[in-house]
Structures are given as structure tokens and as C-alpha cells.
Amino acid sequence: MRELHQRLKSLFPLGELTEQRPDLGFVTVPAEYLRPLLLQLSDREGFTHLVLLTAVDWIEDGQFQLTYLLSNRGAARDLGVRVMIPRPANGLATMDGIHDIWPTAATYQRELREMFGIDFPGSPRVDEEFILEGWIDKPPYRRDFDTKKFSEENFNHRPGRETRDPEQYMKQQLYPDGK
Amino acid sequence: MSYTPDRSLYPATRPDGTLDIDLTSGKYLKLWQGPQHPGITGNMSVELTVCGDEVVEGKTHVGYLHRGFEKLMERRTFIQVFPIVCRVCVPEPDFNEYCYAAAVEELAGIEAPERARWIRTLILEMGRINSYMMYLGGQSGAFGLGVIGQWTTYVRDLMLDRFEELTGARIYHMFILPGGVRDGLPEGFEGRMEETLREIERTLKDVEEVMFRNAVFKKRAIGLGYIDPALMDTYGVTGPNARAGGVAKDVRKDQPYLVYPELDFEPVMGTDSDCYARADVRRRDVQVSVDLIRQILAKMPHDGPVMAKLPNVLHWKIPRGETYIRGECSRGEYGYYLVTDGSGYPRRINVRGPSYTHAMALLERLIVNVNISDVAGLMVSLHTYPPEIER
């Protein structure tokens, strides 16, 4: 993994290698170098399988981390490529799509658009609803989306369902006479 | 005399690659297969555009089963996540438990005991058989062979009995938790498992005779849904779908985990990459799992701890880090990407199910030019479970 990192570092401004396991590493690359790096990995280094594409919301840093996890089956190793992009408090973040390299990426990008508010202009059906229907609130997988508040505002409380303090409830059940 | 198909009724392709479908022309019809349909795999639907009885475009729609698991997990402590991960996938929930537990163990620096690793492998193989049995029933049912589903449901039920005595539960076992497994094997388990395995083998022979040598099944499944082996990586195809096309993708061999390096087996391969080949690979894969269970029961240690010592789980904080753990489930590569930030809660968990690619981009490609009556058979042949798409 270190040799691979050295080879790539001579071509791209990569960050330090995080060697999680002998067969799994993570590197960070600036957003503008993502595409050439992914093409180098898929065409020259045997990382032909896009395992997943997902995002992590680092709200305190004002950044989204996009993780492109690639696998080289022949060499039995995986490389996670991290890209940090600005996270606007309101509105969409933007990133270039990679659906022309891996068609399956279009599905991931569509999901990220809906769940995190990260747009991939030009990605097929990226503006179509994927999982949510008629969603008008902020993207729900962002850290500042409050599920409880959303539920209380949008759904009616069903009578008959009470929340009890577990300690008091068990005490009442075990010692009904209070002794 | 040569035959030239009349393509005048087919839609033209726009420069951006999408089809120019004019629904007012009277040539095309929109048809929804699902979400309530016997020929659909779970809670999803396919929006078909048909010309006559032939599909010209298909779009997968999900969202009928979204429960926001990944968000739920972020709001729970590491041990509170454990009971909900299995609910991501009903027919084969144990991979969620294993992948989550292994990811937490790796980031927390915990090693599961040797005996727990053997029991985990046993459970994963038992789950694989269950999942394949559901598949065989669904695949044959999609082509009108209803009785096969009754046979496979019967033997699946026997395996559920073994799950029940081992874990206390039939569907959601909640047995593989961070640190190990909840218990060892009950007394006499090996003998009862052997009886179940024999019954499975006997049923497999019947299935082979009645389904795989059936003229109707062969005529409809051979050649249906061909996946070009060159597209396996491009479309993220893994597991039996890839192996049926001669691409030997099996995580158990490619990146061995648990005790698979100590077990003797070869991944089942096919060549034709069509619906029949995929069904055949899965049928033979059941036999591999049966053999693996026998090996595990013969080789596994019968005493020793099954749980590592965990910190106080109510105040359990895991250092900042990220990892990815994968396993070979019955449908292909199943994985968990876990990110921690040093707090008592996961920062992010992403579930990578094989259906995510198989039921979306791949199905939408394969479905074009398929007859309406074969759509169900094609879908089932990819062995997709919608909850993995909309975790």
C-alpha cells in the first residue's frame, strides 16, 4: 500500500496515507484532482471496482467528506479516496460526477443529492426523487437535521402511547405497594 | 432469406443517451410492475415503458421501505446500534451483524475469541442457505413452478429451527455482537444440524430434477438477462451474478475473513451469465454451504470463551477512525463503512448491499428488450433485496 501511495504521490498532491489494515488504506486528494486520480487507479493500478461512494458530514469544520472506496480484486486491497468539499449551511454543495467512469455512481450521486444536498450536475436523473417523496425540509442525513423535531411538526401523536421513566416504571411494577 | 427486424416502432435515442419516448403517439404504454406485485422482489417497483409486449425502458423506483437506518444508527451508542443493524435485510440479516461487529472491533482494538469466529462463520453459512432457499422458490415461481417454493420454504423452516435453538430467534437473530457471539452451541446441535443438512440435500436433488431439467424453465431462463463479463466491474456486479459469468468474485476467497482460510472449498462458477446460469450457480452454492457447515462443526473448538471483554458499553467511546468491512453474502459483496469521531456514537455508517448496484443500474440496462412476462424472472435472477438500496 505504501508503494502505491508513493507512486500516486509523484503524480498527484495526495495527503498522508492512513493504513487502516494491510489491505485497506485511505488518502485525501483535492477535489480538482479526483477525476485524474480515479482514472489512474482504475486504468493503471487495477482498482476497477467502485465499492461505494458516500459522504460524511463534518458540520463543525464546515465540510463534507466524500469517500470513494475502490477495490483491486487481483491484489486483494482497497483504497478509500477522500475528498473534502465546502459545506454550505443552506443550499447545495457541488461536486463533479464520476458516472461516466462507473455508471453505478449515478445512483450514489442521486442519493447524495437527496440525503446530503450534494449536487452532481449532469449526473443522470440526479434531480429525480430517489427515496423521499415530496421532501421539503433540509436534506435528512445532514447532521443538523433534527428527526425528532421533524416528526413532532409533521406527524400527529398517536394516543395511547406513553413514555415512561424506566426506573420508576420498574419500581412500580416490582413494588406496587411502594415498599 | 434474411430477417430484418422492423425497428420503426422503437424510440429514437437523444444525443444525451436518453430515449425519445412520445407517450401520446400511441406506440408506447407505461406499466408499473410493483410495488404490489407477485413478480417483484420486495418493496420496490419498476416503471416499464412497453412497445407491444416488449420493454423499451425500465426505471427502478425505491422508497417504499425507507426507515432511515443510517440516520438512526448515528443517534445511538455503539451497543444500541447492534440490535437494529440486522433489520436492514430480512432474509439474510446476519451479515449486517457481522460487518458491524467486525468494524467496531477493528476501530476499538478488540479481538473476538477464536470460538466466536467459528460460530460466526457457521451462522453466516446457515443464513446463506436460508437466503438461497428463498431465492430458488422465487425464481421458480416467476416462471410458474409454484411447488418448488413450497419445498424450499420447508427446508428453510428446518434451518430456522436450528437458528432458533442456537440464537433464540428465527429471523432477526441478534447473536453476533461486538466482541464475539452471545453463546456457544446447544447440546446435541451437531446431530440435529446433520439431519437438517441431509434434508436440504434431498430437497436440492428434487429441485434439480423438477426445476433445472424442466423444459419450461430452461426455455425461458436460458439466454435471459445476459450480463457481459466485461461489464462486471463497471456495473459493480459481485457474488453469484458475477460468478455465473465466469468472473470469480467471492470475498471468502479474494479477501478471506473469519475462519474461511481454514476451510476447504472452491467458489461455484458458471459460464453463460444468463438467468439459468445464475440459478444453477446458486443451487450448487447451497451444496458448498452444506459442506462448509459440516467442516465447521467438525473443526471448531467446543470450549473456550465466546465473548471478548468489552468496556462499559454505556460509556463506550471509540477513537477517531474509519474502516470498511466486507463479507460474501448470498447476493454478493456486503459491507459496512464505519466512521468514528472519538465520541460515544458512530459518526457515519454506510451499508453497502449488493442490491444497490444490481437492482438499479444493472437491472435498468438488462431490462431493455425483455418481454413483459420475463421481467419478473429477470429481476429475481439478480437476487435483489430492496432494503439494501434504501437503508
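Chain identifiers are assigned alphabetically (A, B, ...) following the order of the sequence lines, protein sequences preceding nucleic acid strands; residue numbering begins at 1 within each chain. The structure presented is a predicted model; accordingly, all values stated were derived computationally and were not measured.
Heavy atoms closer than 4.5 Å to chain B are found in the side chain of Arg125(A), but not in its backbone. Within the 4.5 angstrom heavy-atom criterion, atoms from both the backbone and the side chain of Tyr141(A) approach chain B. For a residue to count as touching a neighbouring chain, one of its non-hydrogen atoms must lie under 4.5 Å from one of that chain's; by this rule Pro124(A) does not touch chain B. Contacts between Ala55(A) and chain B at a heavy-atom distance below 4.5 Å involve the backbone alone (N, CA, C, O). Neither the backbone nor the side chain of Ala106(A) comes within contact range of chain B, judged by heavy atoms closer than 4.5 Å. Contacts of Glu129(A) with chain B are absent, with no heavy-atom separation under 4.5 Å from either backbone or side chain. If you measure heavy-atom distances from Glu333(B) to chain A, the contacts under 4.5 Å come from the side chain alone. With a threshold of 4.5 angstrom between heavy atoms, Ile389(B) approaches chain A through its backbone and through its side chain. Ile101(A) touches chain B through its backbone: at least one of N, CA, C or O sits under 4.5 Å from a heavy atom, while the side chain does not. For a residue to count as touching a neighbouring chain, one of its non-hydrogen atoms must lie under 4.5 Å from one of that chain's; by this rule Arg142(A) touches chain B with the backbone only.
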Legend entry - Intermediate values then yes/no, side chain to side chain contact (heavy atoms under 4.5 Å, CB included), Tyr108(A) and Asn350(B): CA-CA 11 Å; Tyr108(A) 291 106; Asn350(B) 182 237; 5.5 Å; no
Legend entry - Test side chain to side chain contact (heavy atoms under 4.5 Å, CB included) applied to Thr357(B) and Thr107(A), step by step: CA-CA 8 Å; Thr357(B) 50; Thr107(A) 315; over 6 Å; no
Inset, instruction - Report the C-alpha separation of Asp57(A) and Arg348(B) in whole Å, then their side-chain angles, then the decisive distance to 0.1 Å, and conclude whether the side chain to side chain contact (heavy atoms under 4.5 Å, CB included) test is met. - result: CA-CA 8 Å; Asp57(A) 184 1; Arg348(B) 173 92 176 108; over 6 Å; no
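Ranked by heavy-atom pairs under 4.5 Å with chain A, the first of Gln255(B), Arg347(B), Arg352(B) is Arg347(B). Interface remark: of the candidates Glu322(B), Met360(B), Glu74(B), Glu322(B) forms the most heavy-atom pairs closer than 4.5 Å to chain A. Note: Thr54(A) leads Thr54(A), Leu50(A), Val56(A), Leu132(A) in heavy-atom pairs under 4.5 Å with chain B.
Heavy-atom contacts from other residues, nucleotides or ligands closer than 6.0 Å to NZ of Lys9(A) number more than 12. Around atom CD of Glu32(A), more than 12 heavy atoms belonging to other residues, nucleotides or ligands sit under 6.0 Å away.
Within the 4.5 Å cutoff, the side chain of Leu107(B) has heavy atoms near those of the Gln20(A) side chain. Side-chain contact between Arg21(A) and Glu106(B) is present, with at least one heavy-atom pair separated by less than 4.5 Å.
Against chain A, the residues from residues 58-66 of chain B that qualify, each with a non-hydrogen atom under 4.5 angstrom away, are Lys59(B), Thr60(B), His61(B), Val62(B), Gly63(B), His66(B) in number order. Contact residues of residues 65-75 of chain A toward chain B are Gln65(A), Thr67(A), Leu69(A), Ser71(A), Arg73(A) (heavy-atom distance under 4.5 Å).
The CE atom of Met115(A) sits 8.0 Å away from the CZ atom of Arg391(B) when rounded to the nearest 0.5 Å. Atom CG in Leu72(B) sits 7.5 Å away from atom OG1 in Thr147(A) (nearest 0.5 Å). Trp58(A) CH2 to Asp341(B) CG: the interatomic distance, rounded to the nearest 0.5 Å, is 5.5 Å.
Tyr356(B) and Glu111(A) are linked by a side-chain donor-acceptor pair at a separation below 3.5 angstrom, with hydrogens and angles left out of the test.
Residues Asp78(A) and Arg326(B) are paired through a salt bridge, judged by an N-O separation under 4.0 Å between the basic side chain and the carboxylate.
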